[in-house]
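Read through the structure below, which is laid out as structure tokens, and then see the notes.
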Amino acid sequence: MRAVGRLGAMRSRAESLMTLTLAWYSPSAPTTVDGMKVPGFASEGATPGKVQSAIGPDTQTRWVKVGGTERPVLAGALHIPVGEVPALRPDWECVVTDTGDADPALLGRRFRVVGVPAKSYATARRLDVVEL
């Protein structure tokens with residue numbers, strides 16, 4: 001039970017490390033651009049967060065063809081405060097809009113949520129993502 005009592009302190013510490021600002025977008029009706037249908041996204045606000053680097057031993061060897069160009073599939077995780085964006089689901093996207101004191105190379109990076117694991121006594125919400 002002592003761990004449960006320290007949950008508030010652990011959550012505060014986890015949230016203090018979330019120095020990125022993430023803008024969230026949910027899927028919406030497709031739009032037409034130059035005669036082609038493209039997925040639409042509606043803004044869902046912004047949250048603080050942090051990025052966990054690519055995971056898995058074969059991350060750099062997985063490729064997908066996008067518009068005739070081979071691109072690596074980089075899997076990782078985003079961490080956001082537990083109470084933020086409660087309706088978040090797979091297929092949502094986010095864009096890093098501010099890096100705070102984190103690496104400026106993260107600015108403008110886009111991620112698509114592929115999984116929203118749940119657990120009890122969470123100190124942060126950890127989302128499975130792929131970088132776009």
Side-chain angles (χ1 to χ4, degrees):
M1 290 311 270
R2 285 184 358 173
V4 173
R6 293 188 310 220
L7 182 60
M10 293 185 312
R11 181 176 292 154
S12 293
R13 173 68 178 138
E15 289 178 3
S16 74
L17 299 172
M18 298 179 190
T19 59
L20 301 177
T21 300
L22 306 173
W24 292 96
Y25 300 91
S26 63
S28 66
T31 60
T32 303
V33 176
D34 295 330
M36 294 179 52
K37 280 191 177 183
V38 295
F41 287 92
S43 177
E44 297 290 344
T47 66
K50 74 175 194 166
V51 174
Q52 180 177 331
S53 62
I55 56 176
D58 67 341
T59 302
Q60 296 296 334
T61 62
R62 293 178 24 200
W63 295 81
V64 64
K65 188 172 265 192
V66 178
T69 302
E70 291 286 330
R71 296 198 48 173
V73 176
L74 302 174
L78 294 177
H79 298 205
I80 62 173
V82 173
E84 300 286 344
V85 196
L88 194 133
R89 296 187 266 294
D91 288 338
W92 278 40
E93 290 188 7
C94 79
V95 178
V96 178
T97 59
D98 184 27
T99 60
D101 60 358
D103 183 355
L106 291 168
L107 189 62
R109 297 247 176 127
R110 291 180 40 218
F111 300 91
R112 176 168 287 168
V113 176
V114 294
V116 185
K119 71 177 209 176
S120 58
Y121 304 116
T123 57
R125 181 174 280 175
R126 291 159 180 85
L127 309 169
D128 299 329
V129 298
V130 294
E131 187 171 353
L132 302 174

**Message:** Applying a strict under-4.5 Å side-chain criterion to I, L, V, M, F, W and Y, I'd like to know whether V51 and L107 cluster together.
**Reply:**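 No, no single cluster joins them.
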Heavy-atom closest contact ([X] atom, [Y] atom, distance):
| X | Y | value |
| --- | --- | --- |
| G49 | L22 | CA-CD1, 4.0 Å |
| I80 | P48 | CG2-O, 3.6 Å |
| V95 | R110 | CG2-CG, 3.6 Å |
| V96 | L106 | CB-O, 3.3 Å |
| P117 | D128 | CG-OD2, 3.6 Å |

**Request:** Determine, stepwise, if the pair R112 / D91 fulfils side-chain contact (heavy atoms from CB on, under 4.5 Å).
**Result:** CA-CA 6 Å; R112 176 168 287 168; D91 288 338; 4.0 Å; yes
Return the [atom1] to [atom2] distance between [X] and [Y], rounded to the nearest 0.5 Å.
| X | Y | atom1 | atom2 | value |
| --- | --- | --- | --- | --- |
| T97 | L20 | OG1 | CG | 9.0 Å |
| F111 | L127 | CZ | CG | 11.5 Å |
| H79 | R125 | NE2 | CZ | 13.0 Å |

Show me the donor-acceptor pairs within less than 3.5 Å that the side chains of residues 23-31 make with the rest of the protein, sequence neighbours left out.
from : atom 1 : to  : atom 2 : distance (Å)
W24  : NE1    : T47 : OG1    : 2.9
S26  : OG     : E44 : OE2    : 2.6
S28  : OG     : G40 : O      : 3.4
S28  : OG     : F41 : N      : 3.2

